[in-house]
Amino acid sequence: MNIGDAAKATGLSAKMIRYYEQIGLIAPAARSLSGYRHYAEGDIAALTFISRCRRMGFGVEQIRDLLGLWRDPHRASADVKAVATGHAQTLAAQARELQEMSQALQRLAASCHGDDGPDCAILDQFATLDPAPKPVRRRAAATRFGPASAQGQLRSKPSVR
């Protein structure tokens, strides 16, 4: 297979395949007389293995370790399990962090006016060193579509000249 066919078969881009070859994750591909890369069945199996590892979020060094274990017929499955469970713990910690970030952003968004005014609790929080979001007081009677003041005047956007 040429590199384009190998990319399609494995779900990797040609650029990533060349990168994995460059960093020694896979052996350099055989070359035709005209210099084109050609991949054999074993190469495609290794690239498919790498692609599946990448989809599970493993980093290059972890993939290098897993490839070594995959190629070693005398490996201990405990070694493979240790890599997998360690990565699963890392993913769980990242998931918790992402959930916390999502909840923090939802709290910030709830404290933002969301109107045409410049006050924004989200930007204020990002600009401060204080880790706890502070609620922003709403301006009296300022709504998106209603009167901007008790006199019933509509807010207008400043003109750009």
Side-chain angles (χ1 to χ4, degrees), residues 1-138 143-144:
M1 270 188 206
N2 66 30
I3 195 165
D5 293 335
K8 287 178 190 169
T10 62
L12 297 168
S13 67
K15 184 177 181 177
M16 288 307 297
I17 293 172
R18 286 189 291 272
Y19 172 71
Y20 293 144
E21 185 178 311
Q22 178 187 354
I23 64 170
L25 198 56
I26 59 169
R31 299 282 185 142
S32 68
L33 292 176
S34 56
Y36 289 103
R37 290 176 169 87
H38 284 283
Y39 297 90
E41 190 175 316
D43 300 323
I44 299 303
L47 289 169
T48 300
F49 184 92
I50 292 168
S51 178
R52 290 177 180 161
C53 288
R54 292 299 296 176
R55 283 195 304 265
M56 295 297 278
F58 285 101
V60 170
E61 291 310 312
Q62 291 171 310
I63 294 172
R64 190 181 308 277
D65 293 342
L66 288 168
L67 274 169
L69 290 166
W70 178 54
R71 291 174 174 147
D72 180 3
H74 304 293
R75 69 182 166 262
S77 64
D79 294 337
V80 179
K81 184 176 181 175
V83 173
T85 56
H87 185 58
Q89 290 169 352
T90 299
L91 290 174
Q94 289 173 342
R96 285 189 300 275
E97 289 174 15
L98 286 171
Q99 186 63 35
E100 290 170 7
M101 284 189 277
S102 175
Q103 291 168 352
L105 283 172
Q106 289 171 7
R107 285 190 301 274
L108 284 170
S111 65
C112 180
H113 298 292
D115 59 14
D116 291 334
D119 294 334
C120 180
I122 299 167
L123 296 178
D124 292 344
Q125 180 61 32
F126 290 167
T128 183
L129 298 177
D130 183 9
K134 294 179 176 142
V136 175
R137 290 184 8 221
R138 284 200 174 267
T143 63
R144 176 172 231 145

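- Applying the side-chain hydrogen bond (donor to acceptor under 3.5 Å, both in side chains) criterion to E21, with sequence neighbours excluded, gives R37.
- Heavy atoms only, all atoms of each residue included: L47 and A6 are closest at CD1-CB, 4.4 Å.
- For Y20, the ring-ring contact (aromatic ring centres under 6.0 Å, His included) criterion is met by no residue, not counting sequence neighbours.
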TODO: Please step through side-chain contact (heavy atoms from CB on, under 4.5 Å) for the pair L98 and M101, ending with a clear verdict.
DONE: CA-CA 5 Å; L98 286 171; M101 284 189 277; 3.5 Å; yes
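- Atom CD of Q103 has more than 12 neighbouring heavy atoms from other residues, nucleotides or ligands inside a 6.0 Å radius.
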Open item on the list: Does I50 form a side-chain contact (heavy atoms from CB on, under 4.5 Å) with L67? I'd like the steps, not just the answer.
Closed with: CA-CA 8 Å; I50 292 168; L67 274 169; 3.9 Å; yes
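- With contacts defined as side-chain heavy-atom distances shorter than 4.5 Å, the pair R52/R55 qualifies.
- The CG atom of L12 sits 7.5 Å away from the OG1 atom of T48 when rounded to the nearest 0.5 Å.
- Atom CD1 of I17 and atom OG of S51 lie 9.0 Å apart (nearest 0.5 Å).
- Closest approach of A9 to I44, counting heavy atoms only: CB-CG2, 4.5 Å.
- Going from atom CG of D72 over to atom CG of D79 covers 9.0 Å, rounded to the nearest 0.5 Å.
- Note that CD of Q125 is 11.0 Å distant from SG of C120, once rounded to the nearest 0.5 Å.
- Using a distance-only test at 3.5 Å, with no hydrogens or angles considered, a donor-acceptor pair links the side chain of H87 to the main chain of M56.
- Qualifying salt bridge (Lys or Arg N to Asp or Glu O under 4.0 Å) partners for E61, counting only residues two or more places apart in sequence or in other chains: R64.
- Taken to the nearest 0.5 Å, the CD atom of Q89 stands 12.5 Å off from the CD atom of Q94.
- L25 contributes atom CG, which lies 10.0 Å from atom CZ of F49 (distance to the nearest 0.5 angstrom).
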Open item on the list: Assess the residue pair Y39 and D5 against the criterion (side-chain contact (heavy atoms from CB on, under 4.5 Å)); give the C-alpha distance rounded to whole Å, side-chain angles, the decisive distance to 0.1 Å, and a yes or no.
Closed with: CA-CA 9 Å; Y39 297 90; D5 293 335; over 6 Å; no
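- A donor-acceptor pair shorter than 3.5 Å cannot be found between the side chains of R107 and S111.
- The heavy-atom pair separating C53 from I63 by the smallest distance is CB-CG1, 3.6 Å.
- Heavy atoms of other residues, nucleotides or ligands lying less than 6.0 angstrom from CZ of R75 number more than 12.
- Residues F126 and L108 are in side-chain contact: their nearest non-hydrogen atoms beyond the backbone lie under 4.5 Å apart.
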